[in-house]
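Remarks on the structure that follows.
Quick caveat: nothing in here was measured; it's all calculated off a predicted structure. Residue numbers begin at 1 in each chain, while the letters A, B, ... track the order of the sequences.
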Number of protein chains: 2
Amino acid sequence: MSLKHALLGLLSDRRASGYDLLKTFETSLANVWPATQSQIYTELTKLAGSGLIAVAAEGPRGRKEYEITDEGMAELRHWLTEVAPQPVNRSDVLLRVFFLGVLTPEQARAYLTDLMEMSQSGYEQLRRLADSIDWDEGNLSVYGRIALEYGLRFNAMRREWAEWAAGQLS
Amino acid sequence: MSLKHALLGLLSDRRASGYDLLKTFETSLANVWPATQSQIYTELTKLAGSGLIAVAAEGPRGRKEYEITDEGMAELRHWLTEVAPQPVNRSDVLLRVFFLGVLTPEQARAYLTDLMEMSQSGYEQLRRLADSIDWDEGNLSVYGRIALEYGLRFNAMRREWAEWAAGQLS
DNA sequence: TCAATCATGTAAAGGGTTACATGATTAG
DNA sequence: CTAATCATGTAACCCTTTACATGATTGA
């Protein structure tokens with residue numbers, strides 16, 4: 001149910017077309033809540049149908065700019081304050097760890113060192129992103145920076161864990 | 001596609017019925033790859049149909065005990081060594097952070113302190129779990145302990161981050 | 001003029017959740 | 001005998017992915 005709220009959240013900041021929103025999903029939300037073009041357009045139509053957003057303007061090439069309605073803002077606030085976030089997130093990466101015993105120790109160690117590298121480059125990529133953004137004083141900046149810090153800490157934690165885990169296989 | 005591999009992975013350790021596997025999903029895999037009863041039975045039927053597992057024995061109450069086939073083991077190893085784990089995991093918890101600006105600072109801080117508590121109790125729960133398990137020398141133990149350590153480090157990281165983030169709102 | 005980009009929409013298939021449905025066996 | 005547990009299966013609905021399909025506008 002969160003694609004709906006991701007769209008409401010983005011539209012609470014500024015009006016945007018499906019195309020604009022798609023670009024945002026490909027960049028800032030890519031690591032948190034990926035969504036495809038197909039999914040976004042379908043969901044926008046549904047949201048407009050239920051009155052949570054509305055077409056504010058039309059532009060060239062059939063462009064439709066959506067804005068959030070009062071009802072939509074109420075739904076967004078309701079989700080943020082009343083609906084418990086689901087505590088569990090599936091992790092493909094971690095699931096595999098349970099079954100590394102079917103591989104040779106060398107293969108298992110290779111999996112963990114690959115994870116180390118993946119985490120390291122994820123960290124560096126976010127670090128570069130952080131440096132390239134000019135953080136103004138807006139709310140989106142404040143919370144965007146907080147989310148980015150999460151990503152940095154997560155990657156650092158995972159790198160250290162993978163390093164430790166590889167060391168355990170001896 | 002990973003429910004399939006989770007089932008193959010569990011069956012690579014020992015034979016089990018759908019009911020047995022369901023219990024395992026409710027306990028050890030609950031925080032990594034949750035699955036419902038409905039999903040498990042459906043997937044087992046499909047896996048048996050494609051020859052990756054087979055019915056090894058039948059018991060009372062229609063119980064069917066499955067075992068992994070050679071083909072299934074090959075598929076499991078292929079997944080572990082050749083298929084890249086998907087690097088992105090959707091996070092409901094983090095998505096909300098992007099939109100905390102629509103709330104009052106008090107509400108936003110409340111969200112973050114709730115996260116701190118959630119992470120803290122998650123940490124303690126895993127700590128208790130770690131103490132209650134008798135870690136024998138088997139492979140599943142080795143890698144189960146490594147996965148559990150990940151959970152501990154993840155919760156610790158998230159608690160510290162949420163604490164830091166709450167402090168940023170000033 | 002032509003390639004890149006902007007812009008939207010739909011269909012099919014797969015995976016996950018919730019709910020319904022049934023019945024056998026065992027322990028007290 | 002009766003409640004708890006064991007045990008399986010199916011249907012409907014929702015969300016996600018991949019693919020197909022189309023066309024307008026802009027910049028070089």
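Taking atom CZ of residue A:Phe25 and atom P of nucleotide C:dA7, one finds them 17 Å apart after rounding to whole Å. Spacing between atom CG of B:Asn89 and atom P of C:dG16 amounts to 13 Å, rounded to whole angstrom units. In this structure, CD1 of A:Ile40 is placed 13 Å from P of C:dG9, rounded to the nearest angstrom. For B:Asp20 and D:dT8, the CG to C1' distance is 13 Å, given to the nearest whole Å. B:Trp33 has its CH2 atom 6 Å from the P atom of C:dG16, to the nearest Å. A straight line from NZ of A:Lys4 to C1' of D:dT16 spans 17 Å, rounded to a whole angstrom. The interatomic distance linking B:Glu58 (CD) with C:dA24 (C1') rounds to 15 Å, in whole Å. Atom-to-atom, OH of A:Tyr66 to C1' of C:dA7 comes out at 11 Å; the value is rounded to the nearest Å.
Between A:Tyr150 and B:Trp161, the ring planes are perpendicular. Angles over 60° get that label, and only those under 30° would be called parallel.
Salt bridge status for A:Arg153 with A:Glu149: present, with a side-chain N to carboxylate O gap under 4.0 Å. Salt bridge present: A:Arg15 and A:Glu65 bring a charged side-chain N and a carboxylate O closer than 4.0 Å.
Listed pair B:Gln39 / C:dG15 fails the phosphate criterion, with no side-chain N or O lying under 4.0 Å from OP1 or OP2. Between B:Arg90 and the phosphate of D:dT17, there is a side-chain N or O to OP1/OP2 separation shorter than 4.0 Å. The side chain of A:Lys64 contributes an N or O atom lying less than 4.0 Å from OP1 or OP2 of C:dG9.
For A:Tyr19, the listed nucleotide lying nearest its side chain is C:dC6; candidates were D:dT16, C:dC6, D:dA7. Comparing atom distances between the A:Ser17 side chain and each of D:dT16, C:dC6, C:dT8 picks out C:dT8 as nearest.
Checked by atom type and distance alone, the side chain of A:Ser17 pairs as donor or acceptor with a backbone atom of A:Asp20 at under 3.5 Å. In this structure a side-chain-to-backbone donor-acceptor pair under 3.5 Å is missing from B:Arg77 to A:Leu103. Distance alone, capped at 3.5 Å, is enough to place a donor-acceptor pair between the B:Thr69 side chain and the B:Leu52 backbone.
The structure places CG of B:Asp114 at 13.0 Å from CZ of B:Arg109, a figure rounded to the nearest 0.5 Å. Residue A:Thr45 holds its OG1 atom at 9.0 Å from CD of A:Glu43, rounded to the nearest 0.5 Å. Here the CZ-CG distance, from B:Phe98 to A:Leu29, works out to 5.5 Å after rounding to the nearest 0.5 Å.
When the nearest nucleotides of DNA chain D are assigned to B:Lys23 and A:Ala35 by heavy-atom distance, the more 5′-ward of the two goes with B:Lys23. For B:Leu22 and A:Ser2, each mapped to the nucleotide of DNA chain D holding its nearest heavy atom, the one lying further toward the 5' end belongs to B:Leu22.
Shown for residues 41-53 of chain A: residues whose heavy atoms fall under 4.0 angstrom of DNA chain C, namely A:Tyr41, A:Thr42.
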For this session: At under 4.0 Å between heavy atoms, which parts of nucleotides 19-28 of chain D does protein reach? Answer with one letter per nucleotide, 5' to 3': B base, S sugar-phosphate only, - none.
Result: B---BBB---

For this session: Report the C-alpha separation of A:Arg158 and A:Ser119 in whole Å, then their side-chain angles, then the decisive distance to 0.1 Å, and conclude whether the side-chain hydrogen bond (donor to acceptor under 3.5 Å, both in side chains) test is met.
Result: CA-CA 6 Å; A:Arg158 198 170 61 174; A:Ser119 307; 3.0 Å; yes

